[in-house]
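A, B, ... follow the sequence lines: proteins, then strands. Residue 1 opens every chain.
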2 protein chains.
Amino acid sequence: MTTLADVAALAGVSVATASKALNNRQQVAPTTRQRVVEAAEQLRFRPNTLAKSLLTGRSGTIGLVTHDLDGRFSIPVLMGVEDAAGTGKMSALLCDARGDSLREAYHLQALLGRRVDGLVVVGARPDPRESLGRLPVPVVYAYAPSLDPEDMSVTVDHEAGGRIGVEHLIACGRSRIAVISGDPAYGAAHQRATGALAALGAAGLAPWGGEVLFGSWTESWGRSATEMFLARPDARDAERGIDGILCGSDQIARGVLDVLRERGVAVPREVSVVSHDNWELFATGSRPQLTSVDMHLEDLGRRAANRLFEAIEGRATPGIDVVPSSLVMRESSLPTG
Amino acid sequence: MTTLADVAALAGVSVATASKALNNRQQVAPTTRQRVVEAAEQLRFRPNTLAKSLLTGRSGTIGLVTHDLDGRFSIPVLMGVEDAAGTGKMSALLCDARGDSLREAYHLQALLGRRVDGLVVVGARPDPRESLGRLPVPVVYAYAPSLDPEDMSVTVDHEAGGRIGVEHLIACGRSRIAVISGDPAYGAAHQRATGALAALGAAGLAPWGGEVLFGSWTESWGRSATEMFLARPDARDAERGIDGILCGSDQIARGVLDVLRERGVAVPREVSVVSHDNWELFATGSRPQLTSVDMHLEDLGRRAANRLFEAIEGRATPGIDVVPSSLVMRESSLPTG
DNA sequence: AGATTCACCGAAAACCGTTTCTGCACTTTC
DNA sequence: GAAAGTGCAGAAACGGTTTTCGGTGAATCT
């Protein structure tokens, strides 16, 4: 690897001058600058970031600790962070703790040893997590917020997501709306349900069947729940039957659509279906394509990164930042007018 | 951040002794070593990796350049690399070039500036890619091999995958096997088909319908292809009809299953279905669950990383390393006996 | 007792590549 | 001929780790 000294030697100047020439500083004659630049190109000189880090005390790297790299939700967040870092001359060190706090601690130590300027911790699920406590560098919790309100967190507004979904169904002229949520062990399942119930209540409605159903995030649960609904005597009644279903995830919706199709229920004419997550592959692969609530996870990742960069600059902003969701409309819901 | 000097001061020794104590060197009395270790723990001392890197010329980091972070196939490879790095005291700097060679070049420069010890380049699709040429550090191409045979590459044996799939169907007692491949723009689509045809030929068979169908990797194509097959007059003939289908991907298989189900074709009794990729979510969410060829991508990533580490140690091994696939059996194929 | 050996430890320097501070020489201007 | 400015080089600093070398004291040997 060529060093600045090599460049300086080739250009016939001192390292000091070479440094100034390459960094567009004053006190260098244009011809000299030119000679240095040419020498640098000729030698394919790349300044050693590590050495600079020593001077500035900044490594220009952030630690990216994830908990389910193979999961559906971490990746978009990661992409957002990586994108924000790349445009800001920062690089991200990737670590996968796989949900294990021991692995997390191990990676944390390794990252601190590398003198990362900050950390983004991406949770495996949206429920709040234990804080890492005071660390020598700022930390932003993404997706899963920290339990400590003094920490910086960026997360999703699941309640608003549920509300948006129902409001859209109502706007489609639906009023007998069933709600099939996901795994009750997840806070998000409840929050989405709460938002949905709030929107129903605001319109003077109650969920079809009287209550929200909880199960799991799977297609299989979507199928079971739908069969349970259809088993009720008034399910397909023209006046009192279901005319809309809000699903806790695209996978659930996928199961729902399968059963509706099998039973000859027309979607969206007879029943409109709206789901959460907007997982392209599921949402566009199904028949009909799914209207779904998008959490804007990549945006969430970008925000997390930018907040971290601000904190590194000394402008920390404690508290939870909530990224609003929005609806992506497709065929499974039929908007009126 | 605490330095070695702080630790030495607290332990009442010199930095030299503290260094020797913490690095298990000779010339330190056991009691002294103990004092130093305790002081280090008390102060949460983490040696500055950057400072050491300057001395040794090794940064202990590798660059991880991916081309579709949100894609299905990069992630498992990434996980494998990250896992191998973590156990080997290395860290991975993540970059997403998003299929753009300009972005790739930019990230490459940034990584070289950070003095990474090596690079793993993960392709977006399995087709061979342009070599990056001679770089000051070793490079391993993962998933998408390099066109230059002197480079180090680790990739998938798609032909064997196709063979394995057909051999399994034959072992299930099937002999009238249709092959629905994916996007013909992908080499993998052809290689999988070639392997399938070879296995059929070895058993004295030809694909049902006379040829392999190419389309895209989508569910929609799986549905269309199946409908085309079923539209033939002898499709469901007891003697000459289809009794097995090999699909180019789980998504295609998903579409295939949907149509078979709609048409009342029993899977696996009447027709056995085998697919590629073993994407858990698709393979286990379908009815019946899919038998699928697994590419062992995480293993591929681990191999790539380990080969890179060997190259960094000076033991480079040019050439293409092919990771064998294997079958994961589920309900969609009915093994006999 | 005096000499020798040895284990243990500390001071100081080297080291990595870059930036920046300080000062010197030379030129231009009044 | 003094003052001001320009262009450049030398050397320190950055933050650690490691190494070299020499010194201390205790134990062993003569």
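When only modelled atom types and interatomic distance are considered, B:Ser326 and B:Asp294 share no side-chain donor-acceptor pair under 3.5 Å.
Using a 4.0 Å cutoff to heavy atoms of chain B, the contacted part of DNA chain D runs 5' to 3' from D:dG15 to D:dT19.
At least one side-chain heavy atom of B:Leu10 sits less than 4.5 Å from a side-chain heavy atom of B:Leu43. Taking the side chain as every heavy atom from C-beta outward, A:Asp321 and A:Ser153 never approach each other to under 4.5 Å. Counting only heavy atoms from C-beta outward, the side chains of A:Val156 and A:Val323 never approach each other to under 4.5 Å. The shortest side-chain heavy-atom distance between A:Leu111 and A:Val137 does not fall under the 4.5 Å cut-off.
A salt bridge links A:Arg129 with A:Glu104: the distance from a Lys NZ or Arg NE/NH1/NH2 to an Asp or Glu carboxylate oxygen falls below 4.0 Å. Salt bridge status for A:Asp96 with A:Arg98: present, with a side-chain N to carboxylate O gap under 4.0 Å. One finds a salt bridge joining B:Arg302 and B:Asp83 here, because a Lys/Arg side-chain nitrogen approaches an Asp/Glu carboxylate oxygen to under 4.0 Å. We find that A:Arg134 and A:Glu150 are not joined by a salt bridge, their nearest charged nitrogen and carboxylate oxygen being 4.0 Å or further apart.
Residues passing the ring pair (Phe, Tyr, Trp, His ring centres under 6.0 Å) test with B:Phe309, sequence neighbours excluded: none.
Take the nearest nucleotide of DNA chain C for A:Pro47 and for B:Ala29: the residue whose nucleotide is more 5' is B:Ala29. Ranked by how close their nearest DNA chain C nucleotide is to the 5' end, B:Arg33 and B:Arg115 are led by B:Arg33.
The bend of the helix from C:dA1-D:dT30 to C:dC30-D:dG1, defined by the angle between the axes of its first five and last five pairs, stands at 60° to the nearest 10°.
In this model, the phosphate group of C:dT20 is approached by a side-chain N or O of A:Arg25 to a distance below 4.0 Å at OP1 or OP2.
For the side-chain contact (heavy atoms from CB on, under 4.5 Å) with B:Met295, the qualifying choice from B:Pro126, B:Pro324, B:Ser325 is B:Ser325, the only one to do so.
Pairs engaging residues 69-100 of chain A under the ring-ring contact (aromatic ring centres under 6.0 Å, His included) rule: A:Phe73-A:Tyr143 [sequence neighbours left out].
Taking atom CZ of B:Arg35 as the reference point, atom P of C:dC8 lies 13 Å away to the nearest angstrom.
Summarising the geometry of A:Gly301 relative to A:Val81, their closest heavy-atom pair is O-CG2, 3.3 Å, with the distance given to 0.1 Å.
Near DNA chain C, meaning a heavy atom under 4.0 Å away, the residues from residues 9-24 of chain B are B:Gly12, B:Val13, B:Ser14, B:Ala16, B:Thr17, B:Lys20. The stretch residues 50-63 of chain A comes close to DNA chain D through A:Leu54, A:Leu55, each having a heavy atom under 4.0 Å from the strand.
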